[in-house]
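Being a predicted model, the structure only gives us computed values, none of them experimental. Just so it is clear: chains get the letters A, B, ... in the order the sequence lines come, proteins before strands, and each one is counted from 1.
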Number of protein chains: 4
Amino acid sequence: MKKRAISDDAKAEKKQRMLDAALDEFYEKGFTAARMDDIAARCGLSKGTLYLYFNSKETLFNGLIETVAKPKQGHIVHMLQAAPSAHLALTALTEFVPQVIAEGRLPKLIKILIGDCKAFPEIIQGYRKKVIEQALAALAELFERSNQSGETRIAQPALFARLVVAPVVLSAIWQAVFAQDGDPPLDLKALFVLHRQMLMNALTMDPTEDA
Amino acid sequence: MKKRAISDDAKAEKKQRMLDAALDEFYEKGFTAARMDDIAARCGLSKGTLYLYFNSKETLFNGLIETVAKPKQGHIVHMLQAAPSAHLALTALTEFVPQVIAEGRLPKLIKILIGDCKAFPEIIQGYRKKVIEQALAALAELFERSNQSGETRIAQPALFARLVVAPVVLSAIWQAVFAQDGDPPLDLKALFVLHRQMLMNALTMDPTEDA
Amino acid sequence: MKKRAISDDAKAEKKQRMLDAALDEFYEKGFTAARMDDIAARCGLSKGTLYLYFNSKETLFNGLIETVAKPKQGHIVHMLQAAPSAHLALTALTEFVPQVIAEGRLPKLIKILIGDCKAFPEIIQGYRKKVIEQALAALAELFERSNQSGETRIAQPALFARLVVAPVVLSAIWQAVFAQDGDPPLDLKALFVLHRQMLMNALTMDPTEDA
Amino acid sequence: MKKRAISDDAKAEKKQRMLDAALDEFYEKGFTAARMDDIAARCGLSKGTLYLYFNSKETLFNGLIETVAKPKQGHIVHMLQAAPSAHLALTALTEFVPQVIAEGRLPKLIKILIGDCKAFPEIIQGYRKKVIEQALAALAELFERSNQSGETRIAQPALFARLVVAPVVLSAIWQAVFAQDGDPPLDLKALFVLHRQMLMNALTMDPTEDA
DNA sequence: CATGAATGAGATTTCATTCAT
DNA sequence: AATGAATGAAATCTCATTCAT
């Protein structure tokens, strides 16, 4: 009954090109300032075609969240939950993060989310609830487990989790906001090796020696 | 000199009200999506008056950078350069930062800068050069000095400086982007006390025990 | 002659389905607001197929006039010209009209024509010339004949003809515009019986008793 | 406190010009096909100004209903309710109507309402409820009163009321839809004099003499 | 000085029409 | 023959900026 003018594969590939173009335009201009014309032009399609695949600018934005952020999230949470020890979890994390940051799409999305967070409170709060807090909670639980097993002595697992994450945010922002084409790139691998050393060192730190 | 219809003080006060309104509108909507009408309405003045004091939306944006960001910068750099030891510098820094974050205006400005960094590359790169890199450089020099004096053994002062700064960025973003009215606020003081402990612990960390 | 892939009958049936769908869409949305997609969807065909049978939206519109309005016109004019007396003609007319109105397609077309008359002045003026004025002229001639035969005493046959027609327009508009699903329908038969009585009564009315 | 850039009078006058222009554009093109640019151009103002006074195309449309239709309605209903007899009421009505039709704005509005009735079901049904049905009800009540006083013998007052109204609709439509610049105009006065005669004649018509 | 009415360029979105499949 | 993907012109609506009052 239904004849297909083009294959499903071709459609999916076209959709991906649109998402890629949207990511770059939103990243460069912000959600509001980005123009649908430019997104269409960037992927070599007409504006009408863009609207054939995404009903609105906002739908396109949501599509980005789905395809860029969601996949990473699952991986990280699983990594933390499956880890046999805090040491191994932090090792895995500090090895994985630089790759994700260097790949480039997540820093761009984070930059977009920060810039337009107030324009889409539902999206940003959903992201916070489903991605950020879940990851922070998974980290905190990991440290509570390792505290109980005697592996670590972490006084405030929730705050500690945030310090673990801080350089992730920092480097994403750096990559997306401050890095310039001409500059020597930030040595992400070395940064996270150093971060790991500090974290390892702190895992069994005596909490009484307050400053 | 002609007689003034209104005093310079009244003018300055009016200008400040406009800047405050602009900070909030830019923060809530982003530079592009913020409307001059709304900024005018927020400070109880007419749009015409706004243009009497600032020639354009962009001029207003520049005004924000000048009044919000610049003052902090000087203070921090001076604090680091004048510190007699790395330990004392970090103590001072981790005490000062939570105050600045909690005050609220800097996180808002940072959020705006991130969102619209690509729209104003000159501004953002100027900010990077004059504020960020100068602060990072001051930190790195501090650690080189303390290494030489034997106080510390920091293998990579430049990377270490970034890890010092990471929670500042994290908490600013958290404050500006994720914090919600209903939520219990992030305990900034405790976070930076913990951060300080980790940093102190790391100052004399043995760099050979790599992961 | 080439062999046909589908029969002429199947083609005609398909064309009719398109016209029916178009009548309803034009009626519900007006010519401009009606979408070709919706017309296609309403008759279960694709947009491409629609264009295979009608070259443009306007062609489709013309097709409606031809198939809906023209057939009625011939019947009415013939009815009036063949009538042996004014009384019998009015009887026939007031019996025929309620059926046509109740059938529904003509009121819909009239509503469309009124709504878009200025967009298609040629069509509407053609319709006026060929349908309306011809019918009004046939009526007026009928009354002139009956005046001469002594059957009636109608002072102004042309104006009288318009008053004969007025309830036709009124009920068509009512049907097409004001009638709602929930309402008790307008009793067309009774309305036209009453109309007939008034007309009969007026056929021999003494014209001198002016107000 | 509030300085006015222009006077309230000037504003009202400008608003009226916009409404006049809108009436003509909607009348000529229909609601959907009419362009806001053209309406603005027709009253010598910019599109932006139009939106300063009316928030949307639909608001403008509503403004027309308010200013064109509402005033007439009150007058007619009052005329019918205050009439001492059916004869006098019909005389007053058939004298008033030709003026209103000839003035031109109401026929235009009626044409618009018919054309776009399906696009604005709430408006058209509100109009029906508040204008049409109220007028028809006032007429029917008038005839019931005159039946009781012995002045008239009208078998079906509700249907009779519709026949009273029919030529109003007919002539409005004729004026708005079929009348052309070159044509001799329809003699409204004579038409309604004839209509009045027929109505008067029918007021005491013997209902038994059915056709 | 201060105001807010006016402007018009530019944004998102729609849809008649075409044409490769 | 039939389909529906693709196009781009055109519509509504917004808003930074200007300027008469």
Side-chain angles (χ1 to χ4, degrees), chain A residues 1-7 10-11 14 32-40 44-60, chain B residues 4-6 10-11 14 31-41 44-60, chain C residues 4-6 10-11 14 31-41 44-60, chain D residues 1-7 10-11 14 32-40 44-60:
Chain A
M1 177 80 74
K2 306 261 173 196
K3 277 197 207 166
R4 298 223 156 276
I6 66 172
S7 73
K11 272 173 96 162
K14 211 166 268 189
T32 307
R35 295 162 60 235
M36 292 298 267
D37 291 82
D38 290 340
I39 295 173
L45 293 167
S46 77
K47 210 179 354 169
T49 307
L50 200 53
Y51 276 91
L52 211 59
Y53 287 73
F54 296 94
N55 291 319
S56 70
K57 202 180 181 184
E58 202 164 336
T59 310
L60 189 51
Chain B
R4 303 266 173 185
I6 67 169
K11 262 175 108 164
K14 215 170 258 189
F31 177 79
T32 308
R35 297 161 66 238
M36 292 298 268
D37 293 76
D38 289 340
I39 295 173
L45 294 167
S46 75
K47 215 179 353 172
T49 309
L50 203 52
Y51 275 89
L52 227 50
Y53 287 73
F54 296 94
N55 292 318
S56 71
K57 204 180 182 184
E58 202 163 335
T59 310
L60 191 51
Chain C
R4 304 265 173 185
I6 66 169
K11 262 174 107 164
K14 216 170 258 187
F31 177 80
T32 309
R35 298 163 63 240
M36 293 297 268
D37 293 76
D38 289 339
I39 294 173
L45 294 167
S46 74
K47 214 178 356 173
T49 309
L50 202 54
Y51 275 90
L52 226 50
Y53 287 74
F54 297 93
N55 291 318
S56 72
K57 204 184 183 183
E58 202 163 335
T59 311
L60 191 51
Chain D
M1 176 81 73
K2 306 262 174 192
K3 277 197 207 164
R4 297 221 156 278
I6 66 171
S7 72
K11 271 174 99 162
K14 212 166 266 188
T32 308
R35 296 161 60 234
M36 291 297 267
D37 291 83
D38 289 341
I39 295 174
L45 293 167
S46 76
K47 206 179 359 166
T49 308
L50 200 53
Y51 276 92
L52 211 57
Y53 286 73
F54 297 93
N55 291 320
S56 70
K57 202 180 180 184
E58 203 163 334
T59 309
L60 189 51

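- Between A:Y51 atom OH and E:dA11 atom P the separation is 12 Å, expressed in whole Å.
- Here the nucleotide nearest the side chain of A:S46, chosen from F:dA6, E:dT12, E:dA2, is F:dA6.
- Contacts between residues 31-39 of chain C and DNA chain E, defined by a heavy-atom separation under 4.0 Å, are made by C:A34, C:R35, C:M36.
- Residue B:F54 is classed as having no contact, given no heavy-atom separation below 4.0 Å to the nucleic acid.
- Within the model, atoms CG of A:L50 and CG of A:D38 stand 11.0 Å from one another, a figure rounded to the nearest 0.5 Å.
- Here D:T59 contributes atom OG1 and D:N55 contributes atom CG; the two are 5.0 Å apart, rounded to the nearest 0.5 Å.
- In terms of phosphate contacts, B:Y53 brings a side-chain nitrogen or oxygen within less than 4.0 Å of OP1 or OP2 of E:dA2.
- Residue whose closest nucleotide on DNA chain E sits further toward the 5' end, between C:G48 and A:E58: A:E58.
- A search for side-chain contact (heavy atoms from CB on, under 4.5 Å) contacts involving C:A33 returns C:K29, D:T32, not counting sequence neighbours.
- Atoms NZ and CG, on B:K11 and B:L52 in that order, are 8.5 Å from each other to the nearest 0.5 Å.
- If you measure from atom CG of D:L45 to atom C1' of E:dG8, you get 13 Å, rounded to the nearest angstrom.
- One distance of note links CG of D:D37 with CZ of D:R35; it measures 5.0 Å at 0.5 Å rounding.
- For the side-chain contact (heavy atoms from CB on, under 4.5 Å) test, residues two or more places apart in sequence or in another chain that qualify with A:A10 are A:I6, A:S7.
- Here the shortest heavy-atom pairing between B:K14 and B:Y53 reads CD-OH, 3.6 Å.
- In secondary-structure terms, DNA chain E builds stems of at least 3 consecutive Watson-Crick or G-U pairs, each pair having both distances under 3.5 Å, at E:2-21 with F:2-21.
- Nucleotides E:dC1 and F:dT21, compared at atom C1', are 13 Å apart to the nearest Å.
- Residue D:S56 is the one, among D:S56 and B:N55, whose nearest nucleotide of DNA chain F lies closer to the 5' end (criterion: closest heavy atom).
- Taking the side-chain contact (heavy atoms from CB on, under 4.5 Å) definition, one finds that A:S46 meets it with A:T49, sequence neighbours left out.
- Judged by distance alone with a 3.5 Å cut-off, a donor-acceptor contact links the side chain of C:K47 to the base of E:dT17.
- In this structure, of E:dT7, E:dT13, F:dA6, it is E:dT7 that holds the atom nearest to the side chain of D:T49.
- The shortest distance between the side-chain N/O atoms of C:K57 and the OP1/OP2 oxygens of E:dC15 is not below 4.0 Å.
- One can place CG of C:L52 at 13 Å from C1' of E:dT17, the figure rounded to the nearest angstrom.
- For D:Y51, the side-chain contact (heavy atoms from CB on, under 4.5 Å) partners are D:M36, D:K47, not counting sequence neighbours.
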